[in-house]
Amino acid sequence: MIGSPARATLPALRVDYGREIERDLAELERLVCSHVELSKWGSSRWLAIKLLEGDTGISSRVRATDGTRAILDAADDMGERLERLFGDDVDTLIADMRYGWINGLVREAVKRPPLDRHTVSDRIDSLVTNRVLGLPIFLVAMWAVFKLTTTVSEPYLGWIEGVFSGPLTHWALRLVDELGVGDTWVSGLLIDGVIAGVGGVLVFVPVLMSLYLALSVLEDSGYMARAAFVMDRLMRTIGLHGKSFLPMLVGFGCSVPAIYATRTLEDERDRVLTGLLVPFMSCGARLPVYVLFAAMFFPGNPGTVVFGMYLVGIAIAALLAVLLRRSIFSVEEQAPFVMELPPYRLPTVRGIVTHMWERTSEFVRKAWTIILLVSVVLWLLMAVPMGGGAFGDTDVDTSLFASVSGALAPVFAPLGFGSWQSTGSLVAGFVAKEVVVSTLAQVHGVGEDPVTPQVAMPSVLDDLVEIFTSFVSATIDTLLAIPSVFGVHLVKEESVEPSTELMARLRADFERTSGGHAALAGLSFMIFVLLYTPCAAAVAAERHELGGHWALASMIGQFVLSWVVAGLVFQGGLVILGS
Amino acid sequence: MPILRQLLAEIESAEGPLSFRELEQRLTVDREALRGMVEFLVRKGRLRASGPGGASITSACYGCSHSCGDGSGCPFVVEAPPTIALSRRDDS
């Protein structure tokens with residue numbers, strides 16, 4: 001039974017700071033009480049503690065009071081004595097005793113129900129940050145992301161391609177006819193350069209949207225923080241700093257900010273090493289190449305192949321990290337750390353859509369600038385005749401671009417894709433990986449002669465209806481395809497034959513250059529795209545952040561590595577296949 | 001061993017990163033009390049706190065339409081969870 005408030009007496013809450021500190025506190029209390037002014041300030045024990053701790057605010061107020069010099073000197077002497085005795089700052093000693101006392105008090109006085117002690121976040125964390133299960137769970141999560149990405153985006157990919165090669169091309173043709181330049185090179189530049197080039201890349205916008213959507217869900221839910229926690233152990237195992245995970249993760253979006261993100265690493269060797277490895281993380285611009293080639297050569301499991309490319313990049317970065325750390329980047333053991341994991345949250349639709357849109361729009365913006373510029377330059381190079389003919393009216397096989405690319409093509413012959421078309425796309429890809437697919441579309445003449453004069457063009461209304469109905473159809477196909485991520489197939493699998501004009505032409509080209517091993521050459525091409533320089537901007541970022549010599553070493557190293565690994569894949573594959 | 005020294009010893013002897021939850025369990029302390037201890041040690045310079053935050057990006061990030069500043073405007077930057085590490089001798 002609780003007594004009335006008037007009679008209730010609370011036990012004095014007094015922290016025992018131990019014999020030595022208490023002795024000094026008692027002496028300081030005595031001095032404080034003997035001072036006329038200080039004795040009126042309130043608790044003399046509290047003031048004594050503050051003076052012993054060396055609290056700057058309190059000490060300066062005391063110093064401003066007359067006749068306190070002896071008290072302050074005594075506090076200083078006591079502090080020095082205690083520091084010598086215990087080998088630590090007095091305020092740390094006092095805080096230590098105080099926290100110990102608080103901890104004991106909480107343990108004695110607070111009884112929490114078991115459910116309170118372990119929140120839902122704690123229980124999920126015990127699984128997803130588990131030392132054994134954490135990494136497999138992370139890999140499964142990332143596999144699901146890429147499987148979902150390819151599954152969800154595939155129908156929309158066909159839809160956008162149809163819009164570009166159909167209605168948009170029709171409207172461009174009408175426009176050039178209206179302007180009276182329908183039969184000139186301007187028509188070729190617009191249709192074969194701009195629309196085929198930019199359209200060839202924009203068809204992959206749904207792929208990127210799906211990827212960024214899935215990654216945003218993982219980020220906003222709080223799972224990515226757990227992934228950083230889990231990956232830290234792996235990072236240390238391979239000799240990287242735990243913080244290297246962040247630039248690596250950013251590298252899956254874009255290599256350029258990822259290279260700048262290495263600034264979070266304090267040690268220069270950690271920073272340079274991470275900066276050199278970041279380009280091996282597959283950026284978003286490489287994804288269209290993977291998706292195209294995986295759908296073309298591995299139609300049974302495109303999602304798994306794409307995921308595999310990401311894993312190959314990670315594995316090669318890990319291998320290089322081990323080699324470089326044991327040679328030119330050796331450092332001391334890293335200090336362990338504590339990570340504050342945020343509670344899990346239910347992602348908001350607005351947050352996810354904002355993330356997805358910002359990242360995808362950056363890609364689209366590039367498509368209208370760099371890709372448009374490169375596409376136009378490429379078209380011009382392809383319009384310059386080298387073996388007769390007029391400007392804009394020459395066979396692309398005899399163009400300036402074909403001649404230059406053809407001179408470099410033998411370098412790639414041992415890798416299985418030594419055609420001038422593939423070589424040309426890789427040369428353009430050095431500027432930006434976004435243009436590899438668009439260049440392939442241009443050099444293979446995709447989208448040319450879309451409408452023959454004998455066939456009447458559909459009306460604008462017909463085109464608009466076609467755009468709408470094909471969009472609805474793509475949406476239905478996507479919804480039906482989602483359960484297949486989890487192994488439930490609601491629709492029959494598509495035919496394995498290439499479904500687009502570009503795929504058909506690429507397959508024929510790779511069959512020819514690989515001696516009938518197109519899939520192997522396709523895999524080799526994907527590996528090469530994965531490992532060689534991501535883009536000119538990434539080289540500039542490396543030069544800015546790591547220095548010119550590291551940027552040059554990185555560029556040359558990446559080219560040599562990509563050539564060797566792609567060669568091993570193709571030539572090794574031929575040996576295994578017995579060809 | 002006094003609790004603050006015990007806390008520093010746990011971090012020092014950890015093989016890999018620790019979560020606050022793990023540290024809370026190892027020291028058998030309340031989460032809020034642990035937070036207070038960590039804040040005190042950060043103030044004292046015994047521990048270093050970093051984040052939350054992403055990378056430090058500059059406007060030199062070529063080809064991007066965003067004005068990144070401290071990195072918060074970059075759509076590709078992922079926010080890192082805050083971490084607490086032991087201070088190195090040369091930090092102070």
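Proteins come first, then strands; the chains are lettered A, B, ... in the order of their sequence lines, and each starts at number 1.
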Considering only heavy atoms, which portion of Arg131(A) lies under 4.5 Å from any heavy atom of chain B: side chain, backbone, both, or neither? side chain

Heaviest contributor of heavy-atom pairs below 4.5 Å to chain A, chosen from Leu34(B), Val38(B), Thr28(B), is Thr28(B)

So which part of Gln6(B) gets closer than 4.5 Å to some heavy atom of chain A, the side chain, the backbone, both or neither? neither

Most heavy-atom pairs under 4.5 angstrom with chain B, which of Asp125(A), Val106(A), Asp91(A)? Asp91(A)

Counting only heavy atoms closer than 4.5 Å, note whether Leu7(B) contacts chain A via side chain, backbone, both or neither. neither

Test item: Arg543(A) side-chain N/O and Ala538(A) main-chain N/O as donor-acceptor pair under 3.5 Å: no

Can Arg98(A) and Glu53(A) be counted as an ion pair, charged N to O under 4.0 angstrom? yes

Note: Arg345(A)-Asp220(A) ion pair, threshold 4.0 Å (strictly below): no

Between Ile102(A), Leu341(A), Asp88(A), Thr129(A), which residue shows the highest count of heavy-atom pairs closer than 4.5 Å to chain B? Asp88(A)

Checking heavy atoms, do the side chain of Arg46(B), its backbone, both or neither come under 4.5 Å from chain A? side chain

Is the cationic atom of Arg226(A) (NZ for Lys, CZ for Arg) positioned less than 6.0 Å from the six-membered ring centroid of Tyr344(A) and within 45 degrees of its normal? yes

Leu23(B) versus chain A, heavy atoms under 4.5 Å apart: side chain, backbone, both or neither? side chain

When you measure from the side chain of Thr360(A) to the backbone of Met356(A), do you find a donor-acceptor pair of N or O atoms at a distance under 3.5 Å? yes

Segment of Ile259(A) engaging chain B (4.5 angstrom heavy-atom cut-off): neither

Measure from NZ or CZ of Arg35(B) to the centre of the six-membered ring of Phe20(B), then state whether that distance is under 6.0 Å and the direction lies within 45° of the axis. yes

Contact origin within Ser126(A) toward chain B - heavy atom pairs under 4.5 Å: both

Rounded to the nearest 0.5 Å, what's the gap from OG on Ser19(B) to CG on Asp122(A)? Could you check? 8.0 Å

Which answer fits Asp96(A), side chain, backbone, both or neither, if we ask what part of it has an atom under 4.5 Å from a heavy atom of chain B? both

Output the distance between atom OH (Tyr99(A)) and atom CD1 (Ile3(B)), rounded to the nearest 0.5 Å. 11.0 Å

